[in-house]
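Worksheet for the structure shown next.
We count ligands from 1, going down the list as the structure has it; atoms in each ligand are counted the same way. Below, all heavy atoms of this structure are taken into account, side chains as well, without hydrogens, waters or symmetry copies.
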Amino acid sequence: MLSPRSVNVKSFRFIVFVTLVIFCVMLGLKLMVNLPEPGIYSVSDDSKAVSSQSRQLRAQIGRLRLLLAKNGVTNPYENLESLPTIYAITPTHTRPLQKAELTRISQTFLLVPNFHWIIVEDSETKTPLVTNLLAQSGLTYTHLNAETPKEWKLLLDDPQWKKPRGVKQRNAALQWLRNNADPRKPAVVFFADDDNTYSLELFEEMRTTKKVSVWPVGLVGSVRFERPILDEHGKVANWSTGWRPERPFAIDMAGFAINLKLLLDNPQAEFSFDAPRGYQESTILAAVVTKDDLEPKASQCTKVYVWHTRTENPKLNDLKGKVPGMIVDWTVEV
Ligand code: UGA
Ligand code: MN
């Protein structure tokens with residue numbers, strides 16, 4: 001026969017057991033509600049330290065890597081340390097088109113690994129427009145300014161070919177490289193004007209430049225494209241160009257890249273206001289190589305990966321008071 005005491009102990013145990021079960025079920029339900037969606041981030045993520053935006057970006061990178069791997073493309077972001085850096089030197093000047101051009105090319109440059117943008121403003125001081133654009137670009141960059149001397153400035157009515165452009169700015173960038181670049185680290189220098197159009201293949205072609213590499217340029221010199229002509233040994237023999245093929249290097253500024261070491265070893269190599277019209281490219285190239293040294297890229301110079309585009313200057317009329325509702329607002333940056 002059971003004593004009243006043992007009945008009490010049994011029912012107490014039963015109550016404790018049932019309470020525990022209810023507690024566990026409730027805890028389980030709560031955890032399930034709060035659990036992260038599978039696939040968004042892994043359990044090991046420190047969800048407090050990583051913002052949801054960076055988590056989503058990380059997931060996107062993962063998906064892109066997977067896509068590249070599926071298509072047999074080596075992940076371009078692997079072994080970043082061993083990839084030579086590409087220094088792109090861009091002279092730029094204030095005009096209505098400037099922000100549009102810089103936005104376009106900077107967003108291309110974002111897709112290039114190991115990329116360092118040296119942007120040089122043709123101005124007395126650095127402008128807020130370029131300063132802010134660079135700060136928000138997500139790129140590694142160096143911001144300089146070097147104003148073209150008065151006597152070499154294009155006047156409003158001058159045809160654009162009358163005076164060379166970008167001379168002082170590119171020289172300032174070369175000086176910066178000579179003072180700041182690490183000569184032990186592999187790097188390639190490319191002159192990227194702010195109005196051209198660059199394909200991503202171009203940067204991978206130039207990255208392996210030993211001395212100077214060359215390739216075709218589209219929509220330049222009044223022809224569909226210009227290119228180096230190769231001989232039967234694959235060496236540059238001549239130039240197919242719309243203008244002055246007798247130039248020592250009859251090639252546009254966008255058609256070549258130089259190994260940084262060559263520019264450091266030849267400190268006299270620079271651009272010059274004294275060079276004849278169209279001889280800026282020949283001036284810098286003749287200072288570092290001979291035609292024999294040139295390395296043809298872009299499938300033996302048969303592919304066009306860069307275009308010498310020139311954006312039409314917009315016609316901006318002062319319509320204030322002429323069109324009903326037209327607001328002139330200089331506080332908006334365009
Ligand atoms: C061609 C070449 O592609 C240029 O690389 C070369 O500098 C130029 O000719 C030349 O012979 O001097 P083009 O399209 O006519 O180019 O030149 P722009 O694009 O008008 O200027 C080249 C670069 O210099 C651009 O990045 C531009 O923003 C900059 N620039 C232009 C200045 O910094 N200041 C100016 O007053 C004008
Ligand atoms: Mn141009």
Got an N/O contact under 3.5 Å between Arg310 and ligand 1?
yes
Protein N, O or S atoms less than 2.8 Å from the Mn ion (ligand 2), ignoring waters?
Asp195 OD1, Asp195 OD2
Please could you name the atoms of ligand 1 that Asp195 approaches to less than 4.0 Å, counting only its heavy atoms?
14 (O), 19 (O)
How about Ser213 and Glu295: does a side-chain donor come under 3.5 Å of a side-chain acceptor?
no
N-O pairing of Lys162 and Asp158 below 4.0 Å:
yes
Winner among Ile105, Asp193, Asp122 once heavy atoms are compared against atom 36 (O) of ligand 1
Asp122
The criterion is salt bridge (Lys or Arg N to Asp or Glu O under 4.0 Å); which residues satisfy it with Lys322, sequence neighbours excluded?
none
Regarding Arg95 and Asp194, does a basic nitrogen lie under 4.0 Å from an acidic carboxylate oxygen?
yes
Can you list the ligand 1 atoms lying under 4.0 Å from a non-hydrogen atom of Thr92?
28 (O), 33 (O)
Ligand-residue contact atoms, ligand 1 with Asp252, heavy atoms, under 4.0 Å
2 (C), 3 (O)
With backbone taken as N, CA, C and O and side chain as the heavy atoms from C-beta onward, which portion of Arg170 lies under 4.0 Å from ligand 1: side chain, backbone, both, or neither?
side chain
I want to confirm something. Looking only at heavy atoms, which of Gln98, Met253, Lys162, His308 is nearest to atom 1 (C) of ligand 1?
His308
Answer yes or no: is there an ion pair linking Asp193 with Arg170, defined by an N-O contact shorter than 4.0 Å?
yes
Would you say Pro91 and ligand 1 have an N/O pair spaced under 3.5 Å apart?
yes
Least distance between heavy atoms, Gly278 atom then Trp243 atom:
CA-CZ3, 3.6 Å
Any carboxylate oxygen within less than 4.0 angstrom of a Lys/Arg side-chain nitrogen, looking at Lys303 and Glu205?
no
Using a strict 4.0 Å cut-off to heavy atoms of Gln160, name the atoms of ligand 1 that fall inside it.
15 (O)
Step through it carefully: locate the ring centre of Phe191, locate the ring centre of Phe271, and say whether they are under 6.0 Å apart.
yes
Quick one: do Glu333 and Lys99 make a salt bridge, cutoff under 4.0 Å?
yes
Do me a favour and list the nearest non-hydrogen protein atom to atom 30 (N) of ligand 1 with residue, atom name and distance?
His93 ND1, 3.4 Å
Could a heavy atom of Thr90 be found less than 4.0 Å from some atom of ligand 1?
no
heavy-atom search around atom 25 (C) of ligand 1 in the protein gives Asp194 OD1, 3.5 Å
Which residue in the set Phe203, Phe115, Phe256 passes side chain to side chain contact (heavy atoms under 4.5 Å, CB included) when paired with Phe190?
Phe203
Does atom NZ of Lys163 have more than 12 heavy-atom neighbours, drawn from other residues, nucleotides or ligands, at distances under 6.0 Å?
yes
Could you pull out, from Glu101, Glu147, Arg165, the option with a heavy atom nearest to atom 17 (O) of ligand 1?
Arg165
Arg184 with Asp182: basic N within carboxylate O range, under 4.0 Å:
yes
